[in-house]
Amino acid sequence: MNIMIKPIVTEKATAITEKLNRYTFCVSPDANKYQIKNLVEELYGVKVTSVNTMNYEGKKKQRYTKAGIIRGKKPAFKKAIVTLAEGETIDFYSNI
C-alpha cells in the first residue's frame, strides 16, 4: 500500500511544534497510526512516541458563473499529529 505523507506548515502547526515537539502531517485517509509512525521514523530518522489522527470531511464549494452555479467538493483528508521523543527534531527546510 502506498501512503502519501506531506508536512503541514502553518502558524498553528509551527506553534505546536515549538511548544510541544509535535509535528503535523497530511496523510492518506486509509493510513493507520502504525503505518504513519513507521513512515515518519523511516523518512526522517527520528523516534516517534505517539500519533494522533483526525479525519476531515471534504468541504462543499460552489461558485456563481455566467453559465450558472457550479457545485463541487474538495477531497477528504486525514491529519496526523506526531509526537517525537525528547531531544528529537525534524528540519523541513534542510532541502531548500
Side-chain angles (χ1 to χ4, degrees):
M1 183 164 103
N2 214 359
I3 300 172
M4 178 208 58
I5 184 168
K6 66 178 186 179
I8 298 175
V9 184
T10 60
E11 288 182 25
K12 189 173 183 179
T14 305
I16 291 172
T17 300
E18 291 171 355
K19 188 182 252 186
L20 303 171
N21 201 24
R22 302 177 91 186
Y23 293 85
T24 309
F25 296 94
C26 182
V27 297
S28 301
D30 53 346
N32 62 31
K33 292 182 180 186
Y34 301 110
Q35 294 169 333
I36 295 167
K37 177 182 177 180
N38 291 335
L39 188 61
V40 170
E41 287 180 346
E42 179 184 315
L43 286 177
Y44 297 106
V46 294
K47 176 75 173 124
V48 175
T49 57
S50 69
V51 177
N52 298 51
T53 59
M54 294 163 272
N55 287 312
Y56 285 91
E57 189 80 26
K59 291 184 178 180
K60 292 182 179 179
K61 298 285 185 176
Q62 72 179 17
R63 104 183 148 221
Y64 299 97
T65 64
K66 289 181 183 178
I69 299 173
I70 297 175
R71 291 185 173 94
K73 185 179 174 189
K74 294 192 122 197
F77 67 98
K78 181 183 265 189
K79 186 191 289 187
I81 298 178
V82 178
T83 305
L84 300 183
E86 194 67 35
E88 299 276 347
T89 59
I90 296 174
D91 186 18
F92 295 128
Y93 304 108
S94 63
N95 294 336
I96 295 177

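Small disclaimer: the values here were computed from a predicted structure and weren't measured.
Without hydrogens or angle criteria, Gln62 side chain to Ile69 main chain gives no donor-acceptor distance under 3.5 Å. Side-chain N or O atoms of Lys78 include one that pairs as donor or acceptor with a backbone N or O of Ala31 at under 3.5 Å. The backbone N or O of Arg22 lies less than 3.5 Å from a partner atom in the side chain of Thr17, making a donor-acceptor pair. Side-chain atoms of Asn21 come within 3.5 Å of backbone atoms of Glu88 as a donor-acceptor pair (strictly under, hydrogens ignored). In this structure, the side chain of Tyr23 engages the main chain of Ile90 through a donor-acceptor pair within 3.5 Å. Side chain of Thr65 to main chain of Gly68: a donor-acceptor pair is present (N/O by atom type, distance under 3.5 Å, no hydrogens or angles). A distance-only check finds a donor-acceptor pair linking the side chain of Thr49 to the backbone of Thr83 [under 3.5 Å].
No more than 12 heavy atoms of other residues, nucleotides or ligands sit less than 6.0 Å from atom CD of Glu11.
Shown here are the salt bridge (charged side-chain N to carboxylate O under 4.0 Å, His left out) partners of Glu57, two or more places apart in sequence or in another chain: Lys73.
Atom CG of Leu39 sits about 5.0 Å away from atom CD1 of Ile5, to the nearest 0.5 Å. Of the inter-residue distances, the one linking Cys26 atom SG with Lys6 atom NZ reads 5.5 Å to the nearest 0.5 angstrom. Between the CD atom of Gln35 and the CG atom of Asp30 there is a distance of 7.5 Å, given to the nearest 0.5 Å. The distance from the NZ atom of Lys33 to the CG atom of Asn38 is 14.0 Å, given to the nearest 0.5 Å. Note that CD1 of Ile81 and CD1 of Ile8 are 8.5 Å apart. Values are rounded to the nearest 0.5 Å.
Contact check for Lys79 versus Thr53: no side-chain heavy atoms found under the 4.5 Å cut-off.
Closest approach of Ala76 to Pro29, counting heavy atoms only: O-CG, 4.0 Å. Annotation for Val48 and Val51: closest pair CG1-CG2, 3.9 Å, computed over non-hydrogen atoms.
Cluster annotation: Phe77 and Ile3 are assigned to distinct hydrophobic clusters (Ile/Leu/Val/Met/Phe/Trp/Tyr, side-chain heavy-atom contacts under 4.5 Å, transitive). Transitive grouping of hydrophobic side chains (ILVMFWY, heavy atoms separated by less than 4.5 Å) brings Val46 and Leu43 into a common cluster. A single hydrophobic cluster is seen to contain both Phe25 and Val9, as judged by linkage of ILVMFWY side chains at heavy-atom distances under 4.5 Å, directly or through other members.
Aromatic ring pairs are classed by plane angle as parallel below 30°, tilted from 30° to 60° and perpendicular above 60°; the pair Phe92 and Tyr44 is perpendicular.
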